[in-house]
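First up is the structure itself, then whatever we jot down about it.
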Amino acid sequence: MNPDPIRPAVPLSTGRHKLANVRQKALVVAKWRALWVLAGFALLATCALIRLTYLGVTGGTVQRFDIASLLMPSRGIIVDRNGAPLARDFHVYSLWFNPKAMTEGSPLIGKPADVAARLHAIFPDLDVRKVTRMLQTGTPGYLRKSILPEDANRVHALGEPALEFPQETTRFYPQGSTAAHVLGFVDSYGNGKVGMEEFFDKRLKSDEGRAAPMSLSIDVRVQGALEDELGRGMALSAAKGAAGVVLDVDTGEVLALASLPSFDPNKIDRASTPNIFNRVTNQVYELGSTFKPITVAAALDAGTITNLGRRWPAAPLHVAGFTIRDSHAMGASLNVPETLMHSSNVVTAQIADELGGARMKKTMEALHMNARPTIELPARGFPIWPSGQWPRLRTMTVSYGHGIAVTPLHLASAYAALVNGGIYRPATLAKLEPGRVPRGERVFTAATSARIRQLLRMIVSFGTGRKADAPGFRVGGKTGSAEKPGAGGYQRHSLIATFASAFPMDHPRYVVIAMIDEPQGTAATSFQRTAAWNAAPVISRVVPRIGPLLGIMPDETRDIDISDLKPLVPGEAKE
């Protein structure tokens, strides 16, 4: 019997082989995924190492966020030199109409006209027609900005879900319109506009600026007094505007700066801001006879005046087809004290002629009258300044305040140099610590400054500035009345009336400038339009108000010694 033939082995089910292959592939995929994850971690670790190395080499800073930063206002506080708040952030409620507050039907429960009428009962100055139209058309928007909590409660009692009260941050000016031209305002996007709000916009938004108040040189008490008296002078003379400055003669700090009419930054119309133009720093004027003491000081320094008793003829002067004359006859001849006391254009022009155009121009340049005023405000007017060599007639007219135009702030800084010993310092609105006061630039000698102090006091004691006198405060200063230029020449009925002063003249501390724009002759000013009758009285009222606030008390037992000049003035000058 033959054995069975050998048969090939029958393989096991192919399903097992397939399963083994699937497992093998899955394992391979898992390994690749693990490798990719490891590669990712390796890449992150490498990036972190590179970053740490970069920070170690460059010293990069790390941003810190803490609760204190979150609690700070979004914009820094501005205060006056004594810490009184001038501008700060304030949380308020607003009234917002949200037509999508109701998911179905009308957004209002009541009729639009009825809702508008009930809102008008809460806010009497609300425009009912405008609000009704807004509610009828379903236009979302503000119905009222910055409302009081009690008014929000009254609106809530109306029971209209579409009237919402979002809490917002607004810029609040506690002093209202006081110092508005110094501060400016903040627009709806949180950006500073005009004034210190614009100039220090980035700083006020920075962590440093938000953490500590910014101190200005302004004294809000002095600012209020200056604005009040300028407004009174403006009203008494029926003028179109007024401007004024109070300046520390030793530091250049501005204690007050006023331009009238003013505006309230709390109620500003973002589309059109009324009265935003700054007459003190942005508008240039021919400031008339207030330049005469500067001319005399330049001549004293140059040595062209060596004897104050010397006399010049006072008859009208004919130069290059132009006649220089005085407002009224002042006699056959005048010396220097009489020239300033009577305010003679003719004699001042002759003094300037002897001085020469080059030296006159150099003095004005040393007082920075050929450049925009030095101040932190963004709006600064460029002077009308004739370039090149000044001809004889130009030199003469500039000597009595015509032919160049500057801002009242230029004049304030110039008078500070006239009375403080001869040092020019730039004006500033930043409060200066004692060690930060600039050294300044010498313009006049100390001897010339001492002599000018005597002459300015004589003008107030015996001359055209007598209405500026304030008993006990030893005021000195000079009037200036200049016609405005216009089409066809100077306008006889449009004057700029200015009084530039300093006090106390035995030890000057402050310059005070008062300017009245286009005063009219009224009963209050004896129907006169010149500075002696409208700007000078402003000084006589301002100085007694601000002197005690600044530590200067009236003392009628003291005065500057003018005994060596009195013999040159045989009698008191008439206005």
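None of the values given here were measured: they were computed from a predicted structure.
A salt bridge between E229 and R545 is present, with a side-chain N of the basic residue lying under 4.0 Å from a carboxylate O of the acidic one. Between R75 and D201 there is a salt bridge, since at least one side-chain N of the basic residue sits less than 4.0 Å from a carboxylate O of the acidic one.
At least one donor-acceptor pair closer than 3.5 Å links the side chain of N266 to the backbone N or O of Y173. At distances below 3.5 Å, at least one donor-acceptor pair connects side-chain atoms of R372 with backbone N or O atoms of R380. At least one donor-acceptor pair closer than 3.5 Å links the side chain of T178 to the backbone N or O of Q175. Between the side chain of K431 and the main chain of R81, a donor-acceptor pair closer than 3.5 Å is present. In this structure a side-chain-to-backbone donor-acceptor pair under 3.5 Å is present from E160 to G110. In this structure a side-chain-to-backbone donor-acceptor pair under 3.5 Å is present from T281 to A379. With hydrogens and angles disregarded, no donor-acceptor distance shorter than 3.5 Å links the side chain of R442 to the backbone of Y424. At distances below 3.5 Å, at least one donor-acceptor pair connects side-chain atoms of N420 with backbone N or O atoms of V249. The closest donor-acceptor contact from the side chain of E376 to the backbone of L429 lies under 3.5 Å. R144 places no side-chain N or O within 3.5 Å of a backbone atom of L119 that could act as its donor or acceptor partner.
Side chains of R453 and S449: a donor-acceptor N/O pair is present below 3.5 angstrom, by distance only. For the residue pair E253 / T251, a side-chain donor-acceptor distance below 3.5 Å is found, with atom types taken as modelled. Side-chain contact, D89 with S74: a donor N or O sits under 3.5 Å from an acceptor N or O.
Put simply, the residue from T498, V406, D517, T407 that forms a side chain to side chain contact (heavy atoms under 4.5 Å, CB included) with Y285 is D517. When each of V254, V280, V182 is tested with I375 by the rule side chain to side chain contact (heavy atoms under 4.5 Å, CB included), just one qualifies, namely V254. The side chain to side chain contact (heavy atoms under 4.5 Å, CB included) with K130 is formed by just one residue from the set V128, L126, D127, T132; it is D127. Results of the side chain to side chain contact (heavy atoms under 4.5 Å, CB included) test with L183 over I218, V194, L86 single out L86 as the only residue that passes. If you run side-chain hydrogen bond (donor to acceptor under 3.5 Å, both in side chains) between S94 and each of E164, E168, K145, only E168 comes through. The side-chain hydrogen bond (donor to acceptor under 3.5 Å, both in side chains) with N191 is formed by just one residue from the set E197, K205, E198; it is K205.
When the shell of 6.0 Å around CD of Q167 is examined, it contains more than 12 heavy atoms from other residues, nucleotides or ligands. In F90, the CZ atom is not crowded: 12 or fewer heavy atoms of neighbouring residues, nucleotides or ligands sit closer than 6.0 Å. The number of heavy atoms from other shown groups lying within 6.0 Å of CZ (F473) is above 12. Remark: R509 CZ is packed, more than 12 non-hydrogen atoms of other residues, nucleotides or ligands lying under 6.0 Å away.
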Dump the intermediate steps for salt bridge (charged side-chain N to carboxylate O under 4.0 Å, His left out) on R203 and E208, then the final yes or no.
CA-CA 7 Å; R203 178 177 168 183; E208 179 185 359; 5.6 Å; no
Would N275 and S262 satisfy side-chain hydrogen bond (donor to acceptor under 3.5 Å, both in side chains), going step by step from the backbone distance to the final call?
CA-CA 6 Å; N275 305 321; S262 188; over 6 Å; no
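For F200, there are no ring-ring contact (aromatic ring centres under 6.0 Å, His included) partners two or more places apart in sequence or in a different chain.
The closest side-chain heavy-atom distance from F499 to V538 is not below 4.5 Å. R210 is listed as a side-chain neighbour of D207, based on a closest heavy-atom distance under 4.5 Å. With a 4.5 Å cut-off on side-chain heavy atoms, S259 and F277 do not count as touching. Looking at L418 and I294, their side chains come closer than 4.5 Å, going by heavy atoms from C-beta outward. The closest side-chain heavy-atom distance from Y93 to S146 is not below 4.5 Å. Looking only at side-chain heavy atoms (C-beta outward), M134 and P112 stay at 4.5 Å or farther from each other. In this structure, the side chains of L456 and M505 come closer than 4.5 Å at one or more pairs of heavy atoms.
Distance CG/L287 to CG/L411: 5.5 Å, rounded to 0.5 Å.
Ring geometry for F185 against F263 counts as perpendicular: the plane angle is over 60°, on a 0 to 90° scale with 30° as the lower cut.
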